[in-house]
Amino acid sequence: MSEKPPFSPSLRNNPDLDTWIGIEPDGTVRVSTGKVELGQGIKTAIARLAAEELDISLERVRVETADTARGPQEFMTAGSMSVETSGNAVRLAAAEARQVLLETAAARLAAPLSALEVADGVVRVRGSELSVSFAELYGGRAFERKITGEAMPKSPEAYRILGRPGPRIDLRAKVEGAGFLHDLTFPGMLHGRVVRPPSPAAELIDVDEAAVRALPGVVAVVRDGRFLGVVAEREEQAIRARERLRESSRWSEHETLPASETLFEWLLEQPRESYPVVDGTPEDRAVEPHADPPRAAVTLEATYTRPFTMHASIGPSAAIAEFSDDRLTVWTHSQGVAVARGAIAEALGMPPDAIRVIHADGAGCYGHNGADDAAFDAVLLARAVPSRPVRLQWMRDDEHAWEPYGPAMLIQSRGSLDAAGRVIDWSHEVFSNPHVGRPRPSGDRSEFVAAWHRAEPMQRPEPRAALFSHAGIHRNADPVYVFPRKRVVKHMIKSRPLRTSSLRGLGAYANVFAIESFMDELAHAAGVDPVEFRLRHLEDPRARAVIQAAAERASWRGAGGDGRGQGLGFARYKNAQTYVAVIMDVEVDDGSGAIRLIRALIAADAGQVVDPEGLSNQLEGGVVQAASWTLKEQVLFDRTRITSTDWESYPILGFHEVPEVETVLLNQPGAPFLGAGEAAQGPTPAAIANAVFHAIGARLREVPFTKERVRAARQGAPPRSAGQE
Amino acid sequence: MGEPIELYVNGTRHPLEVDPTTPLLYVLRNDLGLRAAKFGCGIEQCGTCTVIVAGEAALACGLAVGQVGDREVITLEGLAEGDTLHPLQRAFLEEQAAQCAYCVPGVIMAAATLLARVDDPSDAELRGALAGNLCRCGAQPRMLRAVRRAAEELRT
């Protein structure tokens, strides 16, 4: 195995070894990444990869995350790509650093390389007392070389750390109550709050700035068009001032939102761009109409929907900004510090070089939540109080009403079986707003809410369909199953009355919900067990192994009844990353229609496992979160306003409702690492729907699966489907 | 509008000069530097700010500092003894019972309140005691395991 490992884009863009690795004089090792900790455990994964390749204990590794002023620049932490891009870069960088250290030690100890061994940062001549530490060799000294990739990383047989359980390195501080951006404090720090309009199209008529300025502790009131904010000495003073500012503001409101009762009818009527999707990639040509195959024994069709869904981070977004001598520093939990910097620079007309953006951990964001907007809000407030840091905290209703949502989606599925119960034709058409709305440099356009609201507003960029493989709306729309005829169409809906952007999994949640539900509907029509039906149409041995592992560990019964049932959902994230099968055991209350989740069994193949606990945690958390979306969640709105403004109007799954969860990992030693952070979202809703079908014979196709919908489905009221035999 | 108020927190008395209507949450965080209790909603819906007041779980965002009186307040910082973590904290680390961990201080305080009263809680008691704590990352199954683990350690 002498082939040089390929360089990920992260490594190509950041080729200097010193950018990634530094040996400190005290014997610790600084490892830098351009990725950020979102609670997904990436800091730990990076630390493990570095510790493994350097032959140093995990305790000695300190990870620094994204900062525009130093370390590797790696664009954004998104798409479940971090362990594959940054992880692979750190792995190669650490292997190279180890090689340099060994060569230097060989000279220092006057011994051949082959006589040297490394243990916990100390290089020793085998069988002798001669040794030298990393700190003695390179403590505080730069490597001053580019990564060549010629130092081979370890083979799996030599792993001491990868694949074995170990601690999350950032968790100790967090169980002691520290560790968040929200907990940072600086000398002279002021507290800021914003007042957002009551509805997306509301216009500000007037506001009593003078009354608010007169309140105790208020240092500044900012009014820029319909952007309103306040800065005060103490946090509770800022909150009171915000309330007064809001109460004293008068707005003219307009109906711009669709009727929520007929949301999906509305969606289908909107102007759209349509693309056929082939092997996961949209093609810029006309969509051909679908024709059923001749000699089909059974043809089914069904429509599946999911509503606008919130990130709903537990910790509302926050940021700290300070202007000092024409330089701006921003602390943010945005997923992309350089992208945020570029967007802020454009919105202010400032050179990006004058801005430093540093990541600090926020609460889980699950994609593009309010983090970037909070950063820009903080900047606008900080401008009013130069040389003083402003800590801007969104309140609960700011986060609920103004974060960008996961878009409402509708899928039309149609398929045919031959007499032997095999799928001979498959059609999947998905309708949705775009899934990307992140602030990024866009010329004279902006995705910052505050930029839209200022007296000199910037417009939103036009909606653009993502055309690369498994992106946005069409992520996982192309099933991994092997069908003789397959048609996938992506419809990008151009009207965007509600603000939408990336929510964990993007299109995969709804697409896989539809695919896996429809597979069960076809299996039922064919009289074939759902697990068997999947295997009939799957050639990839790793996919088959994951499904079989799940079925075995879950004691798959295949059928239920009397209110109890099991259901399977399966997907390979983006048809290229982690394979996940989820089998859900449910109990459905006959009277109320309440669904109780008893146990979720997850089987996953993520290639070579870097951190088994971290991986399991992500998969389990993904299932529980997706279960919450599936059973409970929808953004509520009337014709004018978002009405989901707190936890009562947007309930999520609670401690009393979560299932037991068990995870089986199919480790593939030496295989490429596969991103897993979003891989469990897709399989979960169908696992639940399929389990409900087995429990009570009712098919659920509209998320959320409210009790009303369960009761209606049980009574046989057809939701949106027809079957023809 | 500051008034002299004395708070008894984690075994120490703190004389303060603060508006008595200020929610305890902000006084703990900003005046006393005790930042474990966090802002999640400010409207007593999520449990992120849970502290213990006179032995009962209380939501610091909804309790005015002037209403606390001389009742003892315990925050997460007060559970540990110096460098020795409380069994709940240790159990959360060992079970990796968190992802973003933003809700963890509130969950631990709610769990601590339960375990001070019930040393072998049933699953229903456990889930019920934590029902007022929201976790968005889906770490609840691990957190339940961690609390059970801590309960066992505390019993022995």
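Below, read A as the first sequence line, B as the second, and so on, with proteins coming before strands; counting in each chain starts at 1. Everything quoted here is computed from the prediction, not taken from an experiment.
- Using a 4.5 Å cut-off between heavy atoms, B:L88 makes no contact with chain A at all.
- Side-chain atoms of B:T84 do not come within 3.5 Å of backbone N or O of B:A80 as any donor-acceptor pair.
- For B:R127, the salt bridge (Lys or Arg N to Asp or Glu O under 4.0 Å) test picks out B:D123, with sequence neighbours left out.
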### Task
Apply the test side-chain hydrogen bond (donor to acceptor under 3.5 Å, both in side chains) to residues B:Q99 and A:N617: give CA-CA distance (whole Å), side-chain angles for both, the deciding distance (0.1 Å), then the verdict.
CA-CA 7 Å; B:Q99 284 164 57; A:N617 213 339; 3.0 Å; yes

### Step-by-step side-chain contact (heavy atoms from CB on, under 4.5 Å) determination, A:I239 to A:R193
CA-CA 7 Å; A:I239 295 170; A:R193 292 293 188 278; 3.6 Å; yes

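- Residues of residues 45-70 of chain B lying under 4.5 angstrom from chain A, judged on non-hydrogen atoms, are B:Q45, B:C46, B:T48 by number.
- Ring geometry for A:F186 against A:W331 counts as tilted: the plane angle lies between 30° and 60°, on a 0 to 90° scale.
- Checking A:S80 against A:E678 by side-chain atom types alone, a donor-acceptor pair falls below 3.5 Å.
- The contact between A:D646 and chain B is made by backbone and side chain atoms together, counting heavy-atom distances below 4.5 Å.
- Contacts with chain A (heavy atom to heavy atom, under 4.5 Å) involve these residues of residues 144-156 of chain B, listed by number: B:L144, B:R145.
- Looking at B:R136, both its backbone and its side chain come within 4.5 Å of chain A, counting heavy atoms on both sides.
- More than 12 heavy-atom neighbours from other residues, nucleotides or ligands sit within 6.0 angstrom of CD on B:E6.
- B:T75 does not touch chain A: none of its heavy atoms, backbone or side chain, sits under 4.5 Å away.
- At a cut-off of 3.5 Å, with distance as the only test, no side-chain donor of A:T77 or A:Q335 sits close to an acceptor on the other residue.
- Side chain of A:H333 to main chain of A:H182: no donor-acceptor pair is present (N/O by atom type, distance under 3.5 Å, no hydrogens or angles).
- When ring centroids are compared, A:H311 and A:H368 stay outside the 6.0 Å threshold.
- Defined by atom type and a distance below 3.5 Å, a donor-acceptor pair is present between the side-chain atoms of A:S313 and A:N369.
- Using a 4.5 Å cut-off between non-hydrogen atoms, the part of residues 30-38 of chain B that approaches chain A consists of B:N30, B:D31, B:R35, B:A36, B:K38.
- Counting heavy-atom pairs under 4.5 Å between each of A:R504, A:Q40, A:E399, A:E648 and chain B puts A:E648 at the top.
- If you measure heavy-atom distances from B:A98 to chain A, the contacts under 4.5 Å come from both the backbone and the side chain.
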#### Entry: Intermediate values then yes/no, side-chain contact (heavy atoms from CB on, under 4.5 Å), B:L25 and B:F39
CA-CA 8 Å; B:L25 177 63; B:F39 170 76; 4.1 Å; yes

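- Contact of B:L130 with chain A is made through backbone and side chain together, with heavy-atom distances under 4.5 Å.
- Within the 4.5 angstrom heavy-atom criterion, atoms from both the backbone and the side chain of B:L134 approach chain A.
- No donor-acceptor distance shorter than 3.5 angstrom exists from the side chain of A:R396 to the backbone of B:G42, with no hydrogens or angles considered.
- Of the candidates A:R391, A:R240, A:Q393, A:E235 forms a side-chain hydrogen bond (donor to acceptor under 3.5 Å, both in side chains) with just one, namely A:R391.
- Most heavy-atom pairs under 4.5 Å with chain A, from the set B:L85, B:I43, B:I108: that is B:L85.
- B:T22 places a side-chain N or O within 3.5 Å of a backbone atom of B:D19 that can act as its donor or acceptor partner.
- A donor atom on one side chain and an acceptor atom on the other are not found under 3.5 Å apart for A:Y509 and A:T684.
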